[in-house]
Amino acid sequence: MAKHLLIVESPAKAKTIEKILGSDFEVKSCYGHIRDLEKEDMGIDIKNGYKPKYIISEDKQKVVKELKSIAKKSDDVWLATDEDREGEAISWHLCEVLGLDPKTTKRIVFHEITKPAIQKAVENPRFVNMDLVNAQQARRILDRIVGFELSPVLWRKMSMRNNLSAGRVQSVAVRIIVERERDITRFKVNSSFKVEAFFSADDINKKKVTFKADGPDKISDVNGANGYLEKCIGAKYTVKDIQVKPGKKSPSAPFTTSTLQQEASRKLGYSVSKTMLLAQKLYENGHITYMRTDSVNLSETALDASRAAIISQYGEKYHQQRVYKTKSESAQEAHEAIRPTDMNATTAGDADTTRLYELIWKRTMASQMADAQLERTIAKINVSTQPDMLTATGEVLRFDGFLKVYSEGRDEEDGEDENGGLLPPLTVGQALDFQRMQATERFTRPQPRYTEASLVKKLEELGIGRPSTYAPTISTIQARGYVEKRDKEGVKRNFQVLTLKDDKVTAVTDSENFGAEKSKLFPTDLGMVVNDFLREHFTKVMDYDFTAKIEAEFDHIAEGRQVWNKMIDDFYLPFHENVEHTIETASRAKGERELGVDPVSGKPVVARLGRFGPMVQIGVSATGEAAATEEKPRFAKLRTNQSIETITLEEAMELFKLPRNLGVFEGEDVVVNIGRFGPYAQHAGQFYSLKKEMDPYTVELIEVAPLIEEKRKAKAESEIKVFEKEKIRILKGPYGPYIKQGLRNYKIPKEQAETPAALTIEDVKVIIEEAKANPPKKAPRGKKGK
DNA sequence: CAGTGAGCGAGCTTCCGCTTGACTT
């Protein structure tokens, strides 16, 4: 029997540490927080100094019971939760629950799971730091107050749905998305002309190659561009000056949670939650260190291992030991950076997991490798008819260094500044062989919409959220319907190109597809209306630096310079008064916007958020007695990519043209409309998707009728048996026969699936009953309890 | 993939951070 019980947060860590410590210690995990504020009355006794009321979380009952029984049998208990605010609080909660005295119970900390680190920790135990615990309690209580007081305000003041929420982190995340969207809407596109000249020259092997030189500053309009090219007709081009400058590139720091999510998104196209899921697997299988971290630090053992791997694979000159410092002020650095546990392992699990592992491996290697050495050549070219010179730039890699294994991906925001590759050898005074010059119209671009990963980057910069909450926060704002992840189709745009060749300037109009985006975050109308409401009434909490400000106060509490419930009191009194005042005075938020008047009836047309989502409306809703006499207003739902903020009167009027009744086919009306999945026709209770070339606004019955017949035929072929009265059908599916009742499908048990036509209605009912009795449970993420 | 859209009001919803399962197709 082990003498000491040592408790850590993560079970995967427990296993490793037990091996290191040997049989004197039994190492168990508590799986994170074991207690939380109860939900009734916010779990805070506000009148009594904000005394928190904790309960053991339902999903931790079992864990706590087990820890209690082992603790009883052990000589003593050691607390080895993470060394940060949350970890300290977990240790204190463990003391409370296991009946330990925080003043005497041994508390140890380490930042890496290596033998020397753990042994050193065991030799230097301390006790629970109550100041730090109080800082955590203040954090927890403030978040509960903000979340549980603001959300109910939304329930009362929003016209839509009832699972709305607001919080210190999520509401600011939504604000970031909303403001970027409005920047894009407001953005004024400017165009200008960029001049490029093409020359040919001999390369080192006396072969002719073409190289490019850039013209002077951008020219603002087509006349200017034309004038510039005209002036160059017949000009002589000579090399005036050549400069060669050395340069270097350095590797990035090893991965933190946030940078891993960004790179996996840019290079592998993984969503933030996919990255975390795969990283969790890698961690549990012992391939990488802990994946929720804000530290860029590598342990001594990791430095040694990567040095050995670099030297053996690439040689001594590729190695350069580096120590990185965290830029983020909010970092708590309880763990190491994310790195492989074994630098010699190359694969780990299935293809997707291995790709993520390789990314981590390469990034870790590169972080300990030498700089890449560059040589940049800048040649100035004189134009005999112009005062300004052209510039040709070339870049050559002299030593690849860390680029041998890894180069970091780039966000679109970083812009396009590609340098040409190699320039042919040039000498000062050399006359150049001119081929052509062209002035191309280019357009300014607004900032791109956020991806999940670039939103995480922004949140981290603002110090909002923690590594363990980035992925859940992004899920929450989508689940609440504030933000949508979707693609945007590009639009065709024309641009002009002027070309000077053979002493003649010619102009052509070319076209490009622009503005196409994939998997970007768009605010919904609900998101924008909620955001505006919160910004108007709760300015302080919605400030980008609100978190930073309160974090500074939590630090004061942690240093023992401030009393935690005094800090909460200072926040709560004005905040709560603001909540009460808003409930009393603010009107319901609808985001209403007048678009103009209906040209036919002369009635006003408005766009607003209705009870069932964004809509446009002709005419004003009348209430009371007037309602009986006045003509009712007409309503139309907005399409998926329309917004009440940007929809025009013309677009709104289009919406009222649908649904269209095309006439009668086989005794039933055919109605076309645009639904959630695109344009469709409805006939005799069935839905038929329209073909791409069919426009729901103009399509005629003659075109739609064959579609219905064709689909119906295909359907009949897949039908095995139909029970008309019960509206149940047995159908042929790709995985075998199945039963369809309304929208729901039921699998047919194996034995019966062989002769589906033999099934009676009684058999079918039994199958459905049984399927309903054992419903396939869907596990809602993060939901616990009933 | 419908239409619904005002207001009444029972009974519901909600936060952030720390950890993993246990579910199907």
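In the text below, chain A, chain B and the rest are named by the order of the sequence lines, each starting its count at 1. Being a predicted model, the structure only gives us computed values, none of them experimental.
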Enquirer: OP1, OP2 of B:dC15 versus side-chain N and O of A:R480: anything below 4.0 Å?
Expert: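 Checking B:dC15 against A:R480, a side-chain N or O does come within under 4.0 Å of OP1 or OP2.
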Enquirer: Could you tell me how far apart A:N285 (CG) and B:dT20 (P) are, to the nearest whole angstrom?
Expert: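 These atoms are roughly 13 Å apart.
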Enquirer: Starting at atom CD1 of A:I44, determine the distance to atom P of B:dC15, rounded to an integer number of angstrom.
Expert: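 That distance rounds to 15 Å.
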Enquirer: Report the nucleotide, chosen from B:dT14, B:dT20, B:dC1, that has the shortest atom-to-atom distance to any side-chain atom of A:M291.
Expert: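 That would be B:dT20.
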Enquirer: Examine the side chains of A:S295 and A:T293 and answer whether a donor and an acceptor come within less than 3.5 Å of each other.
Expert: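 Short answer, no.
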Enquirer: Could you give the CD-to-P distance, from A:E38 to B:dC15, as a whole number of Å?
Expert: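 Between P of B:dC15 and CD of A:E38: 18 Å.
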Enquirer: CD of A:Q136 versus P of B:dT19: gap in Å, rounded?
Expert: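 It works out to 13 Å between those atoms.
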Enquirer: In terms of the angle between their ring planes, are A:Y50 and A:Y572 parallel, tilted or perpendicular, with boundaries placed at 30° and 60°?
Expert: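 Correct class here is perpendicular.
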Enquirer: Which of these nucleotides, B:dA2, B:dC18, B:dT14, is closest to any side-chain atom of A:K637?
Expert: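 So the side chain of A:K637 is nearest to B:dA2.
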Enquirer: CD1 of A:I90 versus P of B:dG17: gap in Å, rounded?
Expert: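 Between P of B:dG17 and CD1 of A:I90: 13 Å.
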Enquirer: Provide, to the nearest angstrom, the distance between the CG atom belonging to A:D669 and the P atom belonging to B:dA2.
Expert: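 Spelled out: CG on A:D669 to P on B:dA2 is 17 Å.
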Enquirer: With nearest nucleotides of DNA chain B determined for A:K60 and A:I145 from heavy-atom distances, which residue corresponds to the more 5′ nucleotide?
Expert: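 Looking at DNA chain B, the more 5' nearest nucleotide goes with A:I145.
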Enquirer: Please work out if A:D82 contacts a base, only the sugar-phosphate, or nothing of the nucleic acid, heavy-atom cut-off 4.0 Å.
Expert: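 It contacts sugar-phosphate atoms only.
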Enquirer: Scan A:G87 against the nucleic acid and name what it touches under 4.0 Å (heavy atoms): base, sugar-phosphate only, or nothing.
Expert: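 Counting heavy atoms under 4.0 Å across all strands, no contact is made by A:G87.
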Enquirer: Return the value, rounded to whole Å, for the distance between atom CG of A:L37 and atom P of B:dC18.
Expert: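 It works out to 15 Å between those atoms.
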Enquirer: Assign A:R168 to base, sugar-phosphate, or nothing according to its heavy-atom contacts below 4.0 angstrom with the strands shown.
Expert: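 The answer is sugar-phosphate, as A:R168 gets under 4.0 Å only of primed atoms, P, OP1 or OP2.
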Enquirer: Looking only at the side chain of A:Y680 (C-beta and beyond, no hydrogens), which of the listed nucleotides B:dA2, B:dC16, B:dT19 gets closest?
Expert: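 It is B:dA2.
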Enquirer: When you measure from the side chain of A:F612, which nucleotide among B:dG5, B:dC18, B:dC16 comes out closest?
Expert: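 From the listed options, B:dG5 comes nearest.
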Enquirer: Would you indicate what A:T476 reaches in the nucleic acid, counting non-hydrogen atoms under 4.0 angstrom: base, sugar-phosphate, or nothing?
Expert: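 Sugar-phosphate, no base atom in range.
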Enquirer: Starting the side chain at C-beta, find the nucleotide from B:dC1, B:dT14, B:dC16 nearest to A:V169.
Expert: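 Nearest to the side-chain atoms of A:V169, counting from C-beta on, is B:dC16.
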Enquirer: Phosphate oxygens OP1/OP2 of B:dC15: is one of them under 4.0 Å from a side-chain N or O of A:R140?
Expert: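 Answer is no, no contact under 4.0 Å.
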Enquirer: Indicate whether any N or O donor in one side chain lies under 3.5 Å from an N or O acceptor in the other, for A:S643 and A:D525.
Expert: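 Present: a donor and an acceptor within the cut-off.
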Enquirer: Assign A:G32 to base, sugar-phosphate, or nothing according to its heavy-atom contacts below 4.0 angstrom with the strands shown.
Expert: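 A:G32: base contact, heavy atoms under 4.0 Å.
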Enquirer: Which part of the nucleic acid does A:M42 contact within heavy-atom distance under 4.0 Å: base, sugar-phosphate only, or nothing?
Expert: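 No contact at all - A:M42 keeps every heavy atom at 4.0 Å or more from the nucleic acid.
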Enquirer: Under 4.0 Å, counting only non-hydrogen atoms across every strand here, what does A:P679 touch: a base, just sugar-phosphate, or nothing?
Expert: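 The residue A:P679 makes no contact with any strand.
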Enquirer: Out of B:dT20, B:dC16, B:dG5, which has the shortest distance to the side chain of A:Q280?
Expert: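 Nearest nucleotide to the side chain: B:dT20.
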Enquirer: May I ask you to verify if any side-chain N or O of A:R35 is less than 4.0 angstrom from the OP1 or OP2 atom of B:dC18?
Expert: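 False: A:R35 side-chain N/O out of range (4.0 Å or more) of B:dC18 OP1/OP2.
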Enquirer: If you look at every strand shown and take non-hydrogen atoms under 4.0 Å, does A:S165 touch a base, only sugar-phosphate, or nothing?
Expert: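 Sugar-phosphate: the residue A:S165, judged by heavy atoms under 4.0 Å, touches backbone atoms but no base.
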Enquirer: Which class fits the ring pair A:Y54 and A:W92: parallel under 30°, tilted 30 to 60°, perpendicular over 60°?
Expert: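 Perpendicular, since the angle between the ring planes exceeds 60°.
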Enquirer: Using a strict cut-off of less than 4.0 Å between a Lys/Arg side-chain nitrogen and an Asp/Glu carboxylate oxygen, indicate whether A:E86 and A:R466 qualify as a salt bridge.
Expert: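 No, this pair does not count.
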Enquirer: Nearest to the side chain of A:Y290, heavy atoms from C-beta on, is which of B:dT14, B:dG3, B:dT19?
Expert: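 In terms of side-chain proximity for A:Y290, the closest of B:dT14, B:dG3, B:dT19 is B:dT19.
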Enquirer: Do A:R466 and B:dC16 share a donor-acceptor pair, side chain to base, under 3.5 Å?
Expert: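 Side chain to base: no pair below 3.5 Å.
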Enquirer: Between A:E461 and A:Y544, is there a side-chain donor-acceptor contact under 3.5 Å, judged purely by atom types and distance?
Expert: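 Looking only at side-chain atoms, A:E461 and A:Y544 do not form any donor-acceptor pair under 3.5 Å.
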Enquirer: Counting side-chain heavy atoms from CB outward, which of B:dC15, B:dA2, B:dG3 is closest to A:P659?
Expert: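 Nearest listed nucleotide: B:dG3.
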Enquirer: Is the distance from OP1 or OP2 of B:dG17 to the nearest side-chain N or O of A:T469 less than 4.0 Å?
Expert: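 Yes, such a contact exists.
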Enquirer: Would you classify A:A166 as touching base, sugar-phosphate or nothing, given that sugar-phosphate means primed atoms plus P, OP1 and OP2, and contacts are heavy atoms under 4.0 Å?
Expert: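 Sugar-phosphate, backbone atoms only, no base.
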Enquirer: At under 4.0 Å, does any side-chain N or O of A:Q170 touch on OP1 or OP2 of B:dC15?
Expert: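 Affirmative; the distance criterion is met.
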Enquirer: Using a distance-only test with no angle check, is there a side-chain donor-acceptor pair under 3.5 angstrom linking A:S468 and A:R292?
Expert: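 No, no side-chain donor-acceptor contact under 3.5 Å.
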Enquirer: For B:dA6, take OP1 and OP2 only and decide whether either is under 4.0 Å from a side-chain N or O of A:R588.
Expert: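 It does not, given that no N or O in the side chain of A:R588 lies less than 4.0 Å from OP1 or OP2 of B:dA6.
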Enquirer: Could you tell me if A:D82 and A:H335 have a donor-acceptor pair between their side chains, going purely by distance under 3.5 Å?
Expert: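 Their side chains do contain a donor-acceptor pair, which is all the 3.5 Å distance test asks for.
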Enquirer: Once you round it to whole Å, what is the distance between P of B:dT14 and CG of A:D143?
Expert: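 One finds 17 Å between P of B:dT14 and CG of A:D143, rounded.
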Enquirer: By the 4.0 Å heavy-atom rule, please label A:Y283 as base, sugar-phosphate, or nothing.
Expert: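 Here A:Y283 touches the backbone only, sparing every base.
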Enquirer: Of all the nucleotides listed (B:dG17, B:dT14, B:dG21), which has the minimum atom distance to the side chain of A:Y31?
Expert: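 Among B:dG17, B:dT14, B:dG21, the one nearest the side chain of A:Y31 is B:dG21.
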